[in-house]
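Only one structure is covered here, and it is reproduced in the block below.
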Amino acid sequence: LKCRFGSDLDVLNHVRRASAAMANGRSSSMGVTAWVPASPVVASARPRRLPGSVRWPGAVPAASSLVAAGTGDATPRRVVGWCQVAGVAAGAAAASTMRRRSSPLASPPPAGEGGVGGSGGEAQEQTWLTPTTAPLLLLVLAILYGGNVPLLKGIENVTPLELTAPELLVLRFIMASLTILPWAIFNFGKVASVAGPAAELALYLTVGYTLQILGLEKTAATTVAVATASTSIVVQLLAFIFEKKAISPIVTACSVGTIAGIAIFVTAAPEGAPIPLVEKLWNIFRMISAPKMPHEAVIGGVPGEALALMGATFFGIHVWRTTRIVAEGDRSGTLKGSDFELALAASQNLIATVMLAIVSYFDSPYDLARQMTVLDRLQIDTWFYILACGALCTGLPSILELFAFKIVDPALASLIYCTIPLWGTMLGIIFLREPFGMQSVVGGILIIVCSLTPSVLEMLDSKHKDEEKIS
């Protein structure tokens, strides 16, 4: 919905004059001028009353009621109508509606949710996210996701050898589900209504994390980090194949630059004291004494690099499909405001937890009783690490990112998330006193510049378009 209802000041001035006229017993209709695109949809639009408005017998439909979904051509047409109001509240609601509809990235509200033919539900829309704040939110979430790096390192140092990586991932998602579990319990019907798309997204997450873990068993973490950075390229290819969306040269170049920056960053030799011999021997002992996993009989010959790339592919599919699903919203029209995003996040985390638990159960060298015994041996501080890793650094971002994905292009979102290894290392430097050298600094600068440049250009372009519309 793209139109400009004069200006907010014009609308409020009309409202004030109409309110004064009503108070004095005079006519309540004030002339209003609006610009709308010339479109055949406008002419056929069914007039609808603004929330709180008064429709007098024989009155001309309000100009705002002629607004319709679809923009047609870019030729403006002047429409003069009458705005029937019953106080400042109705005009303020109309002004707020027009502000949202003037945004180039705002999508039309579903039928029955306010605006054109709505019931006032549009007031529940998220107004705190804009083309400027949404990328910044994703950057904050990338920092939170990066917090998993030092937390997982701390967990690895204090957990028993019998606690496998898939089991730790299950515990992490259990804690992530607890973040929104109270809301899900009281809104079980809403959570169940989005089980279909949530199960799809949970499947992509489960496969992506599983392949990433399997890749880490066969190759270095630096290789997996570089492979994961290819997520942005996967997202662009998916948009090109299925949406016929042109590949942006700037985004592609920045994606390649981000991968190069991560390669420089993760391969940097840290400057500082070498690893003690005792710690090296202990790491070797952990690798030798680790039990053989059942999956090794199936994918034992698959290189770790291939597993890491496949995991990155599924992560890219997850980002792309998530943006499509949240853009479509609730097709049934029963979920209002932010209920759809909250229900989708809750259902996705719960289903992913169940899927990961199934994988962990069948791909474990221990029986269920042995696994429960290992959990009993975990110390209090270990549970604190797992809680922070799951709730703060996984659960909370998985909820908030759904709101940002409604505005940010998936290719740009995946580029912003490529900064996760950088923030993880920086948090490790701060909290774990890990050393770093000049190569790490150069790689980090390259990651930040290449990851954020497309988003900055998008924000500037959006601001420029908004200024042109106002002028």
Next on the checklist: Run the side chain to side chain contact (heavy atoms under 4.5 Å, CB included) test on Asp409 and Glu458 for me, step by step, so that the C-alpha distance in whole Å, both residues' side-chain angles and the decisive distance to 0.1 Å come before the verdict.
Outcome noted: CA-CA 9 Å; Asp409 184 86; Glu458 182 74 15; over 6 Å; no
Item to check | Trace of the side chain to side chain contact (heavy atoms under 4.5 Å, CB included) decision for Met175 with Thr394 | outcome: CA-CA 9 Å; Met175 299 301 177; Thr394 303; over 6 Å; no
Checklist entry - Ignoring hydrogens and geometry, is there a side-chain-to-backbone donor-acceptor pair from Ser364 to Tyr361 under 3.5 Å? => result no
Checklist entry - So, Asp330 side chain and Phe340 main chain: donor-acceptor pair closer than 3.5 Å or not? => result no
Checklist outcome for this item: Between the CG atom in Asn349 and the CD1 atom in Ile174, the distance rounded to the nearest 0.5 Å is 12.0 Å
Checklist entry - Under a 4.5 Å cut-off applied to non-hydrogen side-chain atoms, are Leu214 and Val302 in contact? => result no
Checklist entry - Would you find a donor on one side and an acceptor on the other, under 3.5 Å apart, between the side chain of Asp363 and the backbone of Val359? => result no
Checklist entry - Where is the tightest heavy-atom contact between Ala413 and Phe405, given as atom of each residue plus distance? => result CB-CE2, 3.6 Å
Checklist entry - What do the steps show when you test Leu400 against Leu144 for side chain to side chain contact (heavy atoms under 4.5 Å, CB included), and what is the final call? => result CA-CA 11 Å; Leu400 296 178; Leu144 289 178; 5.9 Å; no
Checklist entry - Which heavy atom in Ala134 sits nearest to a heavy atom in Leu129, and how many Å separate them? => result CA-CD2, 3.8 Å
Item to check | Non-neighbouring partners of Arg370 that pass side-chain hydrogen bond (donor to acceptor under 3.5 Å, both in side chains), sequence neighbours left out | outcome: none
Item to check | From Arg321 atom CZ to Leu203 atom CG, the distance as rounded to the nearest 0.5 Å | outcome: 12.0 Å
Item to check | Ile259/Ile233 under side chain to side chain contact (heavy atoms under 4.5 Å, CB included): CA gap, chis, key distance, verdict | outcome: CA-CA 10 Å; Ile259 295 176; Ile233 297 178; 3.8 Å; yes
Checklist entry - Is any side-chain heavy atom of Leu151 less than 4.5 Å from a side-chain heavy atom of Phe431? => result no
Next on the checklist: Would you say CD1 of Ile250 has more than 12 non-hydrogen atoms from neighbouring residues, nucleotides or ligands within 6.0 angstrom?
Outcome noted: no
Item to check | Distance in Å, Glu341 CD paired with Asp339 CG, rounded so as to fall on 0.5 Å steps | outcome: 8.5 Å
Next on the checklist: I need the minimum non-hydrogen distance between Asn187 and Trp183, along with the two atoms involved.
Outcome noted: ND2-O, 2.8 Å
Next on the checklist: Keeping Thr219 on the side-chain end and Gly215 on the backbone end, is there a donor-acceptor pair under 3.5 Å?
Outcome noted: no
Checklist entry - Are Thr425 and Val149 close enough that some pair of their side-chain heavy atoms sits under 4.5 Å apart? => result no
Item to check | Pair Gln236, Thr252: side-chain N/O donor-acceptor within cut-off below 3.5 Å | outcome: yes
Checklist entry - Just wondering, do Thr210 and Leu356 contact through their side chains at under 4.5 Å, heavy atoms? => result yes
Checklist entry - Is any side-chain heavy atom of Pro135 less than 4.5 Å from a side-chain heavy atom of Leu412? => result no
Next on the checklist: Quick one, Leu168 and Ile386 - any side-chain contact, counting heavy atoms below 4.5 Å?
Outcome noted: yes
Checklist entry - Counting N and O atoms only, with roles assigned by atom type, does the side chain of Ser347 sit under 3.5 Å from a partner on the main chain of Ala343, one being a donor and the other an acceptor? => result no
Checklist entry - Would one find more than 12 heavy atoms of other residues, nucleotides or ligands at under 6.0 Å from atom CE of Met310? => result yes
Checklist entry - Which heavy atom in Ala202 sits nearest to a heavy atom in Ile351, and how many Å separate them? => result CB-CG2, 3.7 Å
Checklist entry - Where the side chain of Thr373 meets the backbone of Ala369, is there a donor-acceptor pair that is under 3.5 Å apart? => result yes
Item to check | Tyr145 atom OH, over 12 foreign heavy atoms within 6.0 Å | outcome: yes
Could you give the side-chain donor-acceptor pairs of residues 313-320 under 3.5 Å, partners two or more places apart or in another chain?
{"from": "Thr313", "atom 1": "OG1", "to": "Leu309", "atom 2": "O", "distance (Å)": "2.9"}
{"from": "His318", "atom 1": "NE2", "to": "Gln348", "atom 2": "OE1", "distance (Å)": "2.7"}
{"from": "Trp320", "atom 1": "NE1", "to": "Glu243", "atom 2": "OE2", "distance (Å)": "2.7"}

Next on the checklist: Nearest 0.5 Å, please: how far is CG in Leu350 from CE in Met355?
Outcome noted: 11.5 Å
Checklist entry - Just by modelled atom types, is the Leu342 backbone N or O under 3.5 Å from a matching donor or acceptor in the Lys190 side chain? => result no
Checklist entry - If you measure from CG on Leu307 to CD1 on Ile213, what distance do you get to the nearest 0.5 Å? => result 12.0 Å
Checklist entry - Are the side chain of Gln439 and the backbone N or O of Ile264 linked by a donor-acceptor pair below 3.5 Å? => result yes
Next on the checklist: Tell me the closest heavy-atom pair linking Pro454 and Leu415, and the distance in Å.
Outcome noted: CG-CD1, 3.7 Å
Checklist entry - Quick one: does Ser232's side chain have a donor or acceptor within less than 3.5 Å of a partner on Ser414's backbone? => result no
Checklist entry - Does any non-hydrogen side-chain atom of Leu152 lie less than 4.5 Å from one of Arg172? => result yes
Next on the checklist: Measuring only between side-chain heavy atoms, which start at C-beta, is Ser360 closer than 4.5 Å to Leu169?
Outcome noted: no
Item to check | Contact summary for Ile180 and Ala345, nearest pair of heavy atoms | outcome: CD1-CB, 4.5 Å
Item to check | Test item: side-chain donor near acceptor, Thr419 and Ser451, under 3.5 Å | outcome: no
Checklist outcome for this item: To the nearest 0.5 Å, atom OG1 of Thr353 lies from atom CD1 of Ile358 at 11.0 Å
